[in-house]
Amino acid sequence: MSVSGNWTLHYSWGCSNNYSQNAMTFNANGTFGGGLTGKWVPQDGTLLLSFDTGPAKYGGTVDGNVGSGAMSTFGGLNGCWYLTKQGTVGIAAPAAVAEHKQSHDPAGSKA
């Protein structure tokens, strides 16, 4: 699995059809930057993400230029996410593609 490069994270706390976006750059050294920073690791075909701030942990799979999975704060806040590599065309997004204000940021901190 190769995720190095520029991606857009689409996340929805509560797994509604309303997603917010966060630009991310995955670095080959296992870190990511953008709006928020953190670490990523491939583990047995799964992509695991952990933000430097906030309690959220992400897990999912990546296939080519797209990925998806679930996230949790392990304190009761759960959600769904998907990734698209920037510059990818022809990907069908969930019904609500407009920016939606979430109650928490991608890291799981109160917005």
Side-chain angles (χ1 to χ4, degrees):
M1 153 185 349
S2 175
V3 296
S4 294
N6 297 319
W7 294 74
T8 301
L9 171 68
H10 307 264
Y11 65 99
S12 174
W13 292 108
C15 293
S16 70
N17 280 335
N18 297 311
Y19 285 79
S20 291
Q21 291 78 36
N22 185 67
M24 302 176 77
T25 299
F26 288 90
N27 304 306
N29 67 358
T31 64
F32 62 83
L36 298 168
T37 60
K39 295 175 181 48
W40 68 274
V41 63
Q43 180 69 40
D44 298 327
T46 300
L47 175 66
L48 304 173
L49 303 176
S50 180
F51 288 88
D52 292 335
T53 59
K57 305 299 182 206
Y58 287 59
T61 58
V62 174
D63 186 8
N65 294 331
V66 297
S68 64
M71 73 269 205
S72 178
T73 63
F74 298 103
L77 187 62
N78 299 300
C80 302
W81 61 268
Y82 69 97
L83 282 172
T84 55
K85 191 158 195 174
Q86 290 181 7
T88 302
V89 295
I91 296 175
V97 295
E99 176 71 16
H100 178 76
K101 179 82 170 144
Q102 298 287 320
S103 62
H104 292 73
D105 70 9
S109 297
K110 190 79 170 154

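Every value quoted in this text rests on a predicted model; they were computed, and no experiment measured them.
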*Quick one: CZ on F32 to CG on N22, what's the gap to the nearest 0.5 Å?*
8.5 Å

*asked:* Enumerate the salt bridge (Lys or Arg N to Asp or Glu O under 4.0 Å) contacts for residues 36-60, please, sequence neighbours excluded, ordered by first and then second residue.
replied: K39-D52

*asked:* Go through it in stages, so that I can follow the logic: the residues are L83 and V3, the test is side chain to side chain contact (heavy atoms under 4.5 Å, CB included), and I'd like the CA-CA distance, side-chain angles, deciding distance and then a yes or no.
replied: CA-CA 10 Å; L83 282 172; V3 296; 5.6 Å; no

*Set of side chain to side chain contact (heavy atoms under 4.5 Å, CB included) partners for T8, sequence neighbours left out*: H10, Q21, T84, Q86

Could you pull out all donor-acceptor pairs under 3.5 Å where a side-chain atom in residues 23-30 meets a protein atom, sequence neighbours excluded?
residue	atom	partner	partner atom	Å
T25	OG1	N6	OD1	2.7
N27	ND2	T31	O	3.4
N27	ND2	T31	OG1	3.0
N29	OD1	T31	N	3.1
N29	OD1	T31	OG1	2.7

*Of all the heavy-atom pairs spanning G108 and T73, show the shortest one and how long it is.*
CA-CG2, 4.2 Å

*Any pair with a residue in residues 37-89 that passes disulfide (SG to SG under 2.5 Å), sequence neighbours left out, goes on the list, sorted by first then second residue, please.*
C15-C80

_Heavy-atom closest pair, residues W40 and P42_ = CZ3-CD, 3.6 Å

*How would you list, by chain and number, every residue that makes a side chain to side chain contact (heavy atoms under 4.5 Å, CB included) with H104, sequence neighbours excluded?*
W13, L77, K110

*Indicate yes or no for a side-chain donor-acceptor contact from S72 to the backbone of N78 under 3.5 Å, with no hydrogens or angles considered.*
no

*Hey, is the main chain of P106 close enough, under 3.5 Å, to the side chain of Y58 for a donor-acceptor pair?*
yes

_Non-neighbouring partners of S68 that pass side chain to side chain contact (heavy atoms under 4.5 Å, CB included), sequence neighbours left out_ = Y82

_Using 0.5 Å steps for rounding, measure from the CE atom of M71 to the OG atom of S12._
6.5 Å

*What is the distance from atom CG of L9 to atom CG of L36, rounded to the nearest 0.5 Å?*
9.5 Å

